[in-house]
2 protein chains.
Amino acid sequence: MPQSKPEVRQSRASETRKRTRIQLEKEELILEAALDVFASHGFRGATLDQIADQAGLSKPNLLYYFKNKETIHRQLLDRLLDNWLRPLRELNENGEPVSEIKSYIRRKLELARDYPRESRLFANEILQGAPRIGDELSDLKILVDEKAKIIRNWSDAGQLKKCDPHHMFFAIWATTQHYADFDVQVQVVLGGMGQGEGRFEDAARFLDQLFVEGLAP
Amino acid sequence: MPQSKPEVRQSRASETRKRTRIQLEKEELILEAALDVFASHGFRGATLDQIADQAGLSKPNLLYYFKNKETIHRQLLDRLLDNWLRPLRELNENGEPVSEIKSYIRRKLELARDYPRESRLFANEILQGAPRIGDELSDLKILVDEKAKIIRNWSDAGQLKKCDPHHMFFAIWATTQHYADFDVQVQVVLGGMGQGEGRFEDAARFLDQLFVEGLAP
DNA sequence: GTAATCTTTGACCGGCTGGTAAATTTTTTA
DNA sequence: TAAAAAATTTACCAGCCGGTCAAAGATTAC
């Protein structure tokens, strides 16, 4: 019974075989361009022509490296999640509670400052109901539950005020990512005041105060 | 020199003349449907066919009431901004500082609970660079600056901790709107815990504590 | 150097998109 | 009740969308 596979081989570059130099370069180029476009228009609002344009490639050439729009988007999200959750993974059970939380906030704020497009890509996806990332969110839940337990232990030991750990995480995510996701609004409201990256230092100061006074026992 | 205006009259319903019963009804129906669609796909991701479908109308019929896609979107945003900023307008200079801020937070959280689609519509617009609302944001700045002055006076009078008022507002916006904009994520992370509307009460408790301890002198 | 492989291109496709024109049906007005 | 106005529908359009195909051009391996 010989299987006659049609051996359809679209977009070879995405096969699991070893990649050539050009493949690695172009894939990076495309992902970079796609990040720009997806972050500022959302999945449905972004077009392959835009991405190809931004990357300086023709559309068919782009599709030689990624078999379709969704694959590009998915890969960006996968890559993102890993970096995005690192600060939370690094929250150390054995550290000093308040300074652990302070440095978690600091790191999240640095991500918002240094990787605003990634933040917006994620925000777009969640905002629109996470239709293409829903599954990965359960991993997030596991991680958060684990870290929430640490917070609760600190609370119980009197090293932190009593508070709902999950909502504490929400508050930290919201306040830090706000500076990336709502950047336009922040800039308008601050006007000339927080020009350049100064606003991130002001934000860091404010958030430090808010959470330390709000959470330290 | 008689001007021979072509008298192009598309979408009569949107003229400034008195509206019929049917016009009022259908316009409302369309805006309601459009809110759904725009909130979950953003401007570019939303299609007129989707909106017409959701409203139970044919596309040309929809365009009889609104002359194009942008008009619908614009009207939703205009309507929204008014309601959205009301809590801030109500922040009362002569009230007791901490309770004023507490009730501001409470009201913003209620908006997030009761009008999540409006929150997402706004979030989508800002996230994508506010290309269709940029101008109105300057009104926001004026309002915020005015209210920031009140906060600063309270701080100076020792009725509140010293803090940057603008960043305080950002923190309040971020934390409250987070429950509407990132609802999917919140629900996944809370799992069975904050089912129904219980999560909003938990959130209110947490945010009250955070901001009161963080800001009360 | 040449054959095999990898990369790029141009031409194309069916379906969707925002939007229009005109004819028809329904409602209001007198 | 009949004419005028308002509302709806059908048919349509040009341009864009994600994606395919086959052939040509560039690299690499031997």
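To find a chain, count down the sequence lines: A is the first, B the second, and so on, and within it residues start at 1. Values below: every heavy atom of this structure, side chains too, minus hydrogens, waters and symmetry copies. Just so we're clear, the structure is a prediction, and the values are computed from it rather than from any experiment.
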Original post:
Nearest-Å distance, CD (A:Glu25) to P (C:dC6)?
Top reply: 17 Å
**OP:** Rounded to the nearest angstrom, tell me the gap between atom NE2 in A:His41 and atom P in D:dC16.
**Re:** 15 Å
**OP:** Go through the steps to decide whether A:Arg199 and B:Asp164 satisfy the test salt bridge (Lys or Arg N to Asp or Glu O under 4.0 Å), and finish with yes or no.
**Re:** CA-CA 11 Å; A:Arg199 70 205 139 96; B:Asp164 185 321; over 6 Å; no
Subject >> Stepwise salt bridge (Lys or Arg N to Asp or Glu O under 4.0 Å) check, B:Arg113 with B:Glu201 >> reply: CA-CA 10 Å; B:Arg113 182 192 61 197; B:Glu201 289 161 34; over 6 Å; no
Subject >> Nucleotide D:dG18, atom C1' - distance to CZ of A:Phe66 in whole Å >> reply: 16 Å
Between the protein and nucleotides 23-30 of chain D, are there any N/O to N/O pairs under 3.5 Å, and if so, what are the atom names and distances?
{"unit_1": "D:dT28", "atom_1": "OP1", "unit_2": "A:Arg21", "atom_2": "NH2", "d": "3.3"}

**OP:** Send over the distance from A:Leu24 CG to C:dT7 C1', rounded to a whole Å.
**Re:** 14 Å
Original post:
Can you tell me if the side-chain N/O atoms of B:Ser58 get under 4.0 Å from OP1 or OP2 in D:dT9?
Top reply: yes
Original post:
So does B:Asp208 pair up with B:Arg205, basic N to acidic O under 4.0 Å?
Top reply: no
**OP:** Could you give me the CA-CA distance, side-chain angles and deciding distance for B:Asp145 and B:Lys141, then say whether salt bridge (Lys or Arg N to Asp or Glu O under 4.0 Å) is met?
**Re:** CA-CA 6 Å; B:Asp145 282 349; B:Lys141 176 177 168 43; 2.8 Å; yes
Original post:
For the side chain of A:Tyr64, counting heavy atoms from C-beta on, which of C:dT8, C:dA21, D:dT20 is nearest?
Top reply: C:dT8
**OP:** Check whether any side-chain heavy atom of B:Val188 lies under 4.5 Å from a side-chain heavy atom of A:Leu140, and answer yes or no.
**Re:** no
With the criterion being N/O to N/O and under 3.5 Å, what pairs connect the protein with nucleotides 22-26 of chain C, and how long is each?
none

Original post:
What's the CD1-P distance between A:Ile51 and D:dG18, to the nearest Å?
Top reply: 8 Å
**OP:** Let me know the distance between CG of B:Asn61 and P of C:dG19, rounded to the nearest Å.
**Re:** 16 Å
Original post:
Can you find a heavy atom in the side chain of B:Glu118 that is under 4.5 Å from one in the side chain of B:Asn83?
Top reply: no
Original post:
So among B:Leu76, B:Asp139, B:Ile133, which one has a side-chain contact (heavy atoms from CB on, under 4.5 Å) with B:Leu81?
Top reply: B:Ile133
Original post:
Between B:Phe43 and B:Lys69, is there a cation-pi geometry (under 6.0 Å to ring centre, at most 45° from the normal)?
Top reply: yes
Detail all sub-3.5 Å separations between protein N/O atoms and N/O atoms belonging to nucleotides 13-18 of chain C.
{"unit_1": "C:dG18", "atom_1": "OP1", "unit_2": "B:Ala46", "atom_2": "O", "d": "3.1"}
{"unit_1": "C:dG18", "atom_1": "OP1", "unit_2": "B:Lys69", "atom_2": "NZ", "d": "2.9"}
{"unit_1": "C:dG18", "atom_1": "OP2", "unit_2": "B:Leu48", "atom_2": "N", "d": "2.8"}
{"unit_1": "C:dG18", "atom_1": "N7", "unit_2": "B:Lys59", "atom_2": "NZ", "d": "2.7"}

Original post:
Looking at the rings of B:Phe170 and B:His167, which for Trp means the six-membered one, are their centres under 6.0 Å apart?
Top reply: yes
**OP:** Counting heavy atoms from C-beta on, name the nucleotide in C:dT7, D:dT9, D:dA7 closest to the side chain of A:Gln23.
**Re:** C:dT7
Subject >> Interatomic distance where OH belongs to B:Tyr65 and P belongs to D:dA6 [whole Å] >> reply: 11 Å
Original post:
Do other residues, nucleotides or ligands put more than 12 heavy atoms under 6.0 Å from the CZ atom of A:Phe169?
Top reply: yes
**OP:** Among A:Lys108, A:Lys147, A:Arg107, A:Arg106, find the one that has a salt bridge (charged side-chain N to carboxylate O under 4.0 Å, His left out) with A:Glu90.
**Re:** A:Arg107
